[in-house]
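Have a look at the structure below before the remarks.
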Amino acid sequence: MVRNLKWMGAAFEALLGIPALGGLFIISMGYTPLGFMLVFHIVVLVLSIRRLKRISVGPIVGITASVLGFIPFLGMMLHWTAAIALAIDALLTPRTSAYDKRRRPILK
């Protein structure tokens, strides 16, 4: 589940990082996408800590991109960086979490 959320976050960040379209989308929506992505990345970070028992770098970079995303060129580069960091983080995230391993019944 956490892995899929990281892939979704990478896709959203990549869309927000498109030079003209991402900026127009963010401005036309009244900077609401930045607030949504901030909450999204916080939720992914909390789930990553609780389920995987480790801190993920991707959501932290995403939080930074959401907070500083209103600055024109810096925001675009931060969205690119967040998309790449989330994609790499999703690739390195195991399919089964520590939470799933504890709850799985032992069949003999």
Note, [X] side chain near [Y] side chain (heavy atom, < 4.5 Å):
{"X": "Ser66", "Y": "Tyr31", "value": "no"}
{"X": "Arg3", "Y": "Leu52", "value": "no"}
{"X": "Ile84", "Y": "Val61", "value": "no"}
{"X": "His41", "Y": "Ser56", "value": "no"}

Evaluate the criterion side chain to side chain contact (heavy atoms under 4.5 Å, CB included) for residue pair Trp7 and Asp89; output intermediate values, then yes/no.
CA-CA 9 Å; Trp7 279 118; Asp89 199 8; over 6 Å; no
Linked, directly or transitively: [X] and [Y] (ILVMFWY side chains, under 4.5 Å):
{"X": "Phe36", "Y": "Leu47", "answer": "yes"}
{"X": "Met37", "Y": "Met8", "answer": "yes"}
{"X": "Leu86", "Y": "Leu38", "answer": "no"}
{"X": "Met29", "Y": "Leu78", "answer": "yes"}
{"X": "Ile18", "Y": "Leu24", "answer": "no"}

Among Leu21, Thr32, Leu16, the one residue meeting side chain to side chain contact (heavy atoms under 4.5 Å, CB included) with Ile26
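That would be Leu16; it is the only one of Leu21, Thr32, Leu16 passing the side chain to side chain contact (heavy atoms under 4.5 Å, CB included) with Ile26.
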Which heavy atom of Ala83 sits nearest to which heavy atom of Ala14, and what is that distance?
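Where Ala83 meets Ala14 most closely, the heavy atoms are CB-N, 3.7 Å.
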Minimum heavy-atom separation for Met76 and Pro19, please, with both atom names.
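Taking every non-hydrogen atom into account, SD-CA, 3.5 Å.
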Quick check: does any side chain N or O of Ser48 sit under 3.5 Å from a backbone N or O of Val44, one acting as donor and the other as acceptor?
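Side chain of Ser48 to backbone of Val44, a donor-acceptor pair under 3.5 Å: no, none is there.
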Nearest 0.5 Å, please: how far is CD1 in Ile55 from CD1 in Ile60?
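Result: 6.0 Å between the selected atoms.
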